[in-house]
Amino acid sequence: MMEPTVRFPEFKGSWNNYKIEDMFDRVGTLVDLDDTQTYREIGIRSHGKGIFHKEETTATEIGNKRVFWVEPDCFVVNIVFAWERAVAKTTEKENGMIASHRFPMYKPKKDVVDLDYITEYFITKRGQNVLILASPGGAGRNKTLGQKEFAKSIVKLPSLPEQQKIAEFLSTIDTVIEKQKETVSAWEERKKGVMQKLFSQEVRFKADDGSEFPEWEEKILDEEGFFYGGLTGKNKDDFEKGNSKFITYMNVYKNTFANQDMMGTVNVGITEKQNKVLYGDILFTQSSETVEEVGLSSVYLYDDEPYLNSFCMGFRFNDLSNVCPKYMGYCMRSENIRKNIMLMGQGISRINLGAKRLKTVSYKIPCLAEQQKIADCLSSLDDVIEKQKATLVAWEEMKKGLLQQMFV
């Protein structure tokens with residue numbers, strides 16, 4: 001028989017084939033909408049990332065759409081993105097909520113299948129293949145799960161006790177992962193608190209000899225340097241081949257300091273008119289779908305000279321002799337600076353921000369020695385956060401490997 005690569009030694013029996021319709025009972029009680037009531041719908045994230053709860057809605061907003069009461073302890077799937085592993089299990093948290101007809105619910109037959117086990121199964125590549133085969137059509141919204149085809153799909157199951165043992169084991173790993181996520185979040189919150197105290201000057205460093213540092217100065221970007229644009233006149237295809245490096249939008253968006261491992265390549269033959277990024281330059285996202293993403297900054301701390309994505313712009317200091325670039329990286333992402341920059345964004349469907357407005361950004365800056373101490377402090381916190389994130393990734397990768405090896 002086909003056996004998993006990893007198996008608990010006390011189980012020796014064969015795994016047997018079951019049709020989905022023999023594993024579950026379809027459930028779903030139609031909601032009789034009431035104009036005087038409000039309702040909350042569920043949604044399901046792709047890639048096995050679980051259920052989310054939508055904002056409250058009314059019968060008028062729901063309209064003629066068929067909706068059903070969510071039942072706890074069911075396997076539920078988003079038929080539009082089933083092929084992308086948009087699956088989950090319902091819990092008591094969803095009791096009293098509603099789901100549209102695109103979210104069929106399946107109550108597991110207790111003597112056949114364990115709910116936690118089968119939910120984990122459909123997150124694996126093997127489970128995803130079952131969903132894909134039952135989802136004919138093209139990509140995206142045309143690739144809808146055929147519920148009749150899905151009901152006839154076959155899954156190989158071990159005995160119920162083995163299913164429960166596997167589910168319990170994976171649940172233990174999930175608990176470790178969730179705790180590690182909480183640890184990462186806690187360190188990130190600590191960093192936010194430290195940044196708030198440092199940039200508000202509630203907490204001040206002292207010089208190595210114990211003396212007080214001078215008062216901070218207020219500066220305006222326009223008076224300290226100049227802005228320049230990213231790549232211009234290039235087609236999308238040009239950003240996917242060639243040898244000339246460029247800093248991507250996501251690199252700027254995600255990182256306080258541009259990451260050399262996230263560089264893109266742009267087609268050879270760039271004209272001299274294109275601007276290059278230099279050490280100490282501050283890079284800004286220029287266009288985004290949300291105001292929270294626009295004007296996010298990243299400082300470049302390397303000596304090579306890449307180009308910059310066309311949806312970003314750069315700022316270069318006239319003189320770096322009294323500026324610690326690392327300090328500026330943290331400063332431009334501090335709470336007050338971010339609030340001011342977000343207010344500068346313009347647009348409705350897409351938020352844009354130009355150099356004309358960013359030029360007016362003001363910031364406070366201490367002497368070079370205190371800048372360095374602030375940068376070193378926050379950099380140390382970043383090191384701790386990165387180590388905690390690396391531990392989280394290691395646990396997540398371990399679970400991925402086990403999912404591949406414990407199911408057939």
Taking everything shown except [X] itself, do over 12 heavy atoms lie less than 6.0 Å from its [atom1]?
X    : atom1 : value
K49  : NZ    : no
Y253 : OH    : no
K109 : NZ    : yes
F311 : CZ    : no
D383 : CG    : yes

Are [X] and [Y] packed together at the side-chain level, in the sense that at least one heavy-atom pair is separated by less than 4.5 angstrom?
X    : Y    : answer
S287 : R350 : yes
Q196 : E202 : no
T90  : E71  : no
M250 : N255 : no

On the ring face of [Y], is [X] found with NZ or CZ under 6.0 Å from the centre and within 45° of the axis?
X    : Y    : answer
R26  : Y106 : yes
R316 : Y228 : yes
K326 : F257 : yes

Considering all heavy atoms of both residues, which atom of [X] and which atom of [Y] are nearest to each other, and what is their separation?
X    : Y    : answer
V67  : I62  : CG1-CG2, 4.1 Å
G295 : F284 : O-CD2, 3.5 Å
L198 : W216 : O-CH2, 3.4 Å

Write out all pairs satisfying ring-ring contact (aromatic ring centres under 6.0 Å, His included) with one or both partners inside [range], taking only residues at least two apart or from two chains.
range            : result
residues 184-208 : F199-Y327
residues 53-79   : F24-F75, F75-F122
residues 163-185 : F8-F169

Counting only N and O atoms by type, is there a donor-acceptor contact under 3.5 Å from the side chain of [X] to the main-chain atoms of [Y]?
X    : Y    : value
N251 : I247 : no
S379 : D376 : no
T57  : Y39  : no
Q372 : C324 : no

Set of residues satisfying side chain to side chain contact (heavy atoms under 4.5 Å, CB included) with respect to [X], sequence neighbours excluded:
X    : result
N322 : none
T256 : Y330, R333
N95  : P72, E92
I177 : I173, D174, K181, L392, W395, E396, K399

Next item on the list: With Y121 as reference, evaluate I166, V130, V87, V113 under the side-chain contact (heavy atoms from CB on, under 4.5 Å) test and give the passing residue.
Entry: V130

Next item on the list: From the options R40, E94, E41, select the one residue that forms a side-chain contact (heavy atoms from CB on, under 4.5 Å) with V70.
Entry: E94

Item checked: Carboxylate-amine/guanidinium proximity below 4.0 Å for E217 and K219 -> yes

Checklist line | Test: K359 and E223 ion pair at under 4.0 Å | finding: no

Next item on the list: Using the test ring pair (Phe, Tyr, Trp, His ring centres under 6.0 Å), find all partners of F317 that sit at least two apart in sequence or belong to another chain.
Entry: F315

Next item on the list: Can you sort out the partners of K206 under side-chain hydrogen bond (donor to acceptor under 3.5 Å, both in side chains), two or more places apart, ordered by chain and number?
Entry: none

Notebook entry, point to check: Which residues pass the side-chain hydrogen bond (donor to acceptor under 3.5 Å, both in side chains) test with S211, sequence neighbours left out?
Noted result: D209

Side-chain donor-acceptor contacts of residues 153-165 below 3.5 Å, not counting sequence neighbours, with atom names and distances?
| unit_1 | atom_1 | unit_2 | atom_2 | d |
| --- | --- | --- | --- | --- |
| S153 | OG | E149 | O | 3.0 |
| S153 | OG | F150 | O | 3.2 |
| K156 | NZ | N17 | OD1 | 3.1 |
| S159 | OG | E162 | N | 3.4 |
| E162 | OE1 | R7 | NE | 3.4 |
| E162 | OE1 | R7 | NH2 | 2.9 |
| E162 | OE2 | R7 | NE | 2.7 |
| Q163 | OE1 | D114 | N | 2.8 |
| Q163 | NE2 | V112 | O | 3.0 |
| Q163 | NE2 | P158 | O | 3.1 |
| K165 | NZ | E10 | OE2 | 3.4 |

Notebook entry, point to check: Atom CG of L283 and atom OG of S297: how far apart are they, to the nearest 0.5 Å?
Noted result: 8.5 Å

Next item on the list: Report the distance from atom CG of N336 to atom CE of M195, rounding to the nearest 0.5 Å.
Entry: 10.5 Å

Next item on the list: Take E168 and D116, measure what side-chain contact (heavy atoms from CB on, under 4.5 Å) needs, and give me the verdict at the end.
Entry: CA-CA 8 Å; E168 181 183 355; D116 291 317; over 6 Å; no

Could you list the donor-acceptor pairs under 3.5 angstrom formed between side-chain atoms of residues 400-408 and any protein atom two or more places apart in sequence or on another chain?
| unit_1 | atom_1 | unit_2 | atom_2 | d |
| --- | --- | --- | --- | --- |
| K400 | NZ | E397 | OE2 | 3.4 |
| Q405 | NE2 | G401 | O | 3.1 |

